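To start, the structure itself, in structure tokens.
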Amino acid sequence: MEVVIARRFRGPRDSGNGGYTCGALADLVGNPAEVTLRAPPPLDRVLRYDGERLWDGDTVVAEGHCAELDVEPPQAVSFDDAVQAATPDLGSPFPECFVCGHARTDGLRIFAGRVPGRDVVAASWIPVESLVEPRFVWAALDCPGAYATGVPGRGTVVLGRLAADVRRVPRAGERCVVVGWSLGDEGRKHHAGTALFGETGDVLGVGRALWIEPK
């Protein structure tokens with residue numbers, strides 16, 4: 001089986017967005033799943049799936065397996081409060097990121113920012129018809145976790161592992177909210193939880209991520 005990460009779904013300029021790539025592999029592995037990124041996902045190249053791993057030639061790009069999540073989402077943030085919290089990161093090293101890039105007009109445009117009075121970040125998201133697939137829920141659960149670690153603004157983190165449970169895909173035009181929160185850190189390793197809420201406050205998906213500060 002083959003997978004191609006189209007350039008539209010990039011994170012850094014020349015590699016795939018981590019959440020989208022994990023979601024593409026999870027489409028094949030099953031739900032819920034945990035995916036570990038082993039190398040920057042190349043764009044517009046055929047990647048081979050062997051039943052567990054994505055390969056770019058002889059290089060393992062990612063590996064995944066079914067896994068249960070023990071993540072308990074926090075209290076939901078209202079859509080209006082999420083709109084107020086959302087803040088494009090104009091200093092981001094990844095301005096073209098499909099999820100959080102401020103330079104993109106064709107991405108998810110999820111700009112997670114701090115919610116006053118709470119230890120969470122949040123952003124609003126209203127998906128269009130072409131973005132209501134499970135892999136886009138994985139993508140939405142990605143970048144807010146980075147901002148929840150508190151590292152952006154003083155440095156950079158990259159996604160090392162993402163586990164997610166997609167309970168429902170949003171409807172096109174549904175007013176959704178993404179929330180992220182810290183799960184602690186160990187040196188250069190930072191853990192974060194994320195949750196996607198639907199218009200009625202139901203949980204559409206939850207995630208648990210490992211973010212790494214490069215040396």
Side-chain angles (χ1 to χ4, degrees), residues 5-23 37 40-44 74 76-128 130-131 135-160 162 170 173-183 185 188-197 205 207 209-215:
I5 307 300
R7 180 162 293 278
R8 178 188 176 190
F9 305 122
R10 61 192 178 276
R13 183 184 296 269
D14 296 313
S15 60
N17 168 265
Y20 176 86
T21 302
C22 290
L37 296 171
L43 301 171
D44 295 331
V77 174
S78 73
F79 185 82
D80 289 344
D81 285 348
V83 170
Q84 290 296 316
T87 307
D89 183 359
L90 301 183
S92 170
F94 310 121
E96 298 180 9
C97 175
F98 173 68
V99 176
C100 67
H102 65 83
R104 297 291 297 273
T105 58
D106 62 341
L108 302 189
R109 296 181 62 80
I110 294 175
F111 306 130
R114 288 283 164 189
V115 177
R118 295 189 58 184
D119 291 328
V120 300
V121 297
S124 56
W125 178 42
I126 302 177
V128 297
S130 61
L131 300 178
R135 66 180 62 188
F136 297 116
V137 175
W138 277 76
L141 293 170
D142 176 13
C143 299
Y147 288 93
T149 68
V151 174
R154 69 174 193 266
T156 300
V157 286
V158 294
L159 183 67
L162 179 61
E174 185 171 3
R175 302 200 317 167
C176 299
V177 171
V178 192
V179 176
W181 64 99
S182 173
L183 293 174
D185 54 70
R188 294 187 301 108
K189 296 181 178 180
H190 303 268
H191 304 274
T194 49
L196 177 65
F197 295 89
L210 168 64
W211 292 89
I212 301 171
E213 289 184 72
K215 291 182 178 179

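Excluded from the calculations below are hydrogen atoms, water molecules and symmetry mates; all remaining heavy atoms, backbone and side chain alike, are included. This one's a predicted model, so the numbers in the text were calculated from it and none came from an experiment. Along the sequence shown, the residues carry numbers beginning at 1.
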Nearest atoms (heavy-atom pairs only) where Arg10 meets Leu43: CB-CD1, 3.9 Å
Given side chains that start at C-beta, do those of Arg7 and Glu96 come closer than 4.5 Å, heavy atoms only? no
Heavy-atom distance under 4.5 Å between the side chains of Cys143 and Phe94, does that happen here? no
Say whether, by atom type as modelled, one donor and one acceptor occur between the side chain of Asn17 and the main chain of Cys97 under 3.5 angstrom. no
Which class fits the ring pair Phe9 and Phe98: parallel under 30°, tilted 30 to 60°, perpendicular over 60°? perpendicular
Measure the shortest side-chain to side-chain distance between Phe79 and Ile126 over non-hydrogen atoms and say whether it is less than 4.5 angstrom. yes
Could you give the distance from CZ (Phe111) to SG (Cys100), rounded to the nearest 0.5 Å? 8.0 Å
Do you know the tightest heavy-atom contact between Glu174 and Pro127? O-CD, 3.3 Å
Would you say that Trp125 contacts Pro170 through its side chain, given a criterion of any heavy-atom pair below 4.5 Å between the two side chains? yes
Is there a side-chain contact between Tyr147 and Thr87, using heavy atoms and a 4.5 Å cut-off? no
Counting only N and O atoms by type, is there a donor-acceptor contact under 3.5 Å from the side chain of Arg104 to the main-chain atoms of Arg8? yes
I need the minimum non-hydrogen distance between Leu159 and Cys22, along with the two atoms involved. CD2-SG, 4.3 Å
Heavy-atom closest contact (Val178 atom, Pro144 atom, distance): CG1-CG, 3.6 Å
Flag, side chain of Arg188 to backbone of Glu213, donor-acceptor distance under 3.5 Å: yes
When every non-hydrogen atom of Ala112 is compared with those of Val121, the smallest separation belongs to CB-CG2, 3.9 Å
Value for CD1 (Ile212) from NE2 (His190), rounded to nearest 0.5 Å, stands at 9.5 Å
Atom CH2 of Trp211 and atom CG of Leu162: how far apart are they, to the nearest 0.5 Å? 8.0 Å
Do the non-hydrogen side-chain atoms of Tyr20 and Trp138 ever get within less than 4.5 Å of each other? no
Does any non-hydrogen side-chain atom of Ser78 lie less than 4.5 Å from one of Val177? no
Restricting to non-hydrogen atoms, name the atom on Val115 and the atom on Ala122 that form the minimum distance, rounded to 0.1 Å. CG2-CB, 3.6 Å
From Ile110 atom CD1 to Leu196 atom CG, the distance as rounded to the nearest 0.5 Å: 7.5 Å
Could you check if a side-chain atom of Asp185 sits within less than 4.5 angstrom of a side-chain atom of Thr149, using non-hydrogen atoms only? no
Heavy atoms from other residues, nucleotides or ligands near CG of Asp119 exceed 12 (cutoff 6.0 Å): no
